[in-house]
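Reminder, nothing fancy here: chain letters follow the sequence lines and each chain counts from 1.
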Amino acid sequence: MSMVAASVRRVSPRLWSVVGVAAAAGALGGALGTRGFVVGFAVVAAATQGLISLASP
Amino acid sequence: MVGTLVEGPGVRRAASAVLHVAASAVSGAIGGLALAIAAGLLRLSAPARLGAVGAIAVLYGAMEVGAVSLPLPQSGRQVPSSWRYRFPHPVTVTLYGGLLASGIGTRVASAGYVAILGAGALLGGPALGAAVLGTYGLCRALAVVIVANARDRDPDSRMLWGFELAPLWRFLSIVQTFGLAGAAMGALMAAAR
């Protein structure tokens, strides 16, 4: 558990704030749009991950 | 692998691009279909599926951030270079597209991809699984084809362009993985009300 806590502390506060904002925005969308929003989000995320695969040429 | 997409004159390149992208999209869709059918055997309720997608996204988002280390569903291998000599060129580019589409046949570029696998498997039925991973296969192959044929850089450095932008890809993956986690949890809570 302490290893996890140490790993979490190593990540910069700025990155955690990005994580928090993204999760909050997603939760708001999920709560408002329910399952349809999640499905749409997953398809868009799949397209983005396809692009991200360029990081491993 | 990229070299096979830029061989020969324009017509041959265009044909290679079409075959590679089509094979990747179809292979991704078949993979998503199979994954969703397999996940369907678990007979999870809709809230359990949303919860599982949220949990997978949180875990692999944490890996993307660098907070935890988790296993990735990948072989870690490159595409087989021997295929270039064993098969005719159109067959080779098609096979490369088909192998790369699922992501797990070679190397997974980003931990956030596992959240996409989870979403494709669990969010809906086989059709949705096919749509999610078919989209991934389509966009993955399209990105490679476009960058491989870019004219403003020399052939050797074209694919390194993607590697140079690794911090941007990581940022995008973090945002969308935690966005997906939040959306799944939000939908779960909305369904519970």
Can you tell if the side chain of A/Q49 reaches within under 4.5 Å of the side chain of B/Q176, non-hydrogen atoms only?
-> yes
Between B/A181, B/A119, B/G112, which has the largest tally of heavy atom pairs under 4.5 Å with chain A?
-> B/G112
Let me know if A/V43 has heavy atoms under 4.5 Å from chain B in its side chain, its backbone, both or neither.
-> both
Is B/L33 linked to B/L138 within one hydrophobic cluster, defined over Ile, Leu, Val, Met, Phe, Trp and Tyr using a side-chain heavy-atom separation of less than 4.5 Å?
-> no
Tell me whether B/V93 is reachable from B/L142 by hopping between hydrophobic residues (I, L, V, M, F, W, Y) whose side-chain heavy atoms are closer than 4.5 Å.
-> yes
Give the minimum heavy-atom separation between A/F37 and B/A183, together with the two atoms involved.
-> CE2-CB, 3.6 Å
Reported OG1-to-CD1 distance for the pair B/T177 and A/I52, which is rounded to 0.5 angstrom = 7.0 Å
Heavy-atom pair with the smallest gap, counting every atom of B/A190 and A/A31 | CB-O, 3.6 Å
Side-chain heavy atoms of A/V21 within contact of B/F178, under 4.5 Å | no
Below 4.5 Å from any heavy atom of chain A, which atoms of B/A187 appear? Answer side chain, backbone, both or neither.
-> both
Side chains of B/W169 and A/L51: closer than 4.5 Å at any heavy-atom pair?
-> yes
Can you get from B/L122 to B/V58 by hopping between Ile, Leu, Val, Met, Phe, Trp and Tyr side chains that sit under 4.5 Å apart?
-> no
Begin with the C-alpha distance, continue with both residues' side-chain angles, and end with the deciding distance and a verdict on side-chain contact (heavy atoms from CB on, under 4.5 Å) for B/Y113 and A/S53.
-> CA-CA 9 Å; B/Y113 174 65; A/S53 68; over 6 Å; no
Should B/L42 and B/V53 be counted in the same cluster of Ile, Leu, Val, Met, Phe, Trp and Tyr side chains packed under 4.5 Å apart?
-> yes
Is B/L133 reachable from A/V44 through a run of I, L, V, M, F, W or Y residues, each pair having side-chain heavy atoms under 4.5 Å apart?
-> no
Is the CZ atom of B/F171 crowded by more than 12 outside heavy atoms at less than 6.0 Å?
-> no
Measure the spacing between CG of A/L15 and CD1 of B/I174 and express it to the nearest 0.5 Å.
-> 4.5 Å
Between A/R35 and B/L123, is there a donor-acceptor pair closer than 3.5 Å when you use the side chain of the first and the backbone of the second?
-> yes
Over all atoms of both residues, closest heavy-atom pair of A/A45 and B/I116 = CB-CD1, 3.4 Å
Chain B heavy atoms under 4.5 Å from A/A25: which part of the residue, side chain, backbone, both or neither?
-> neither
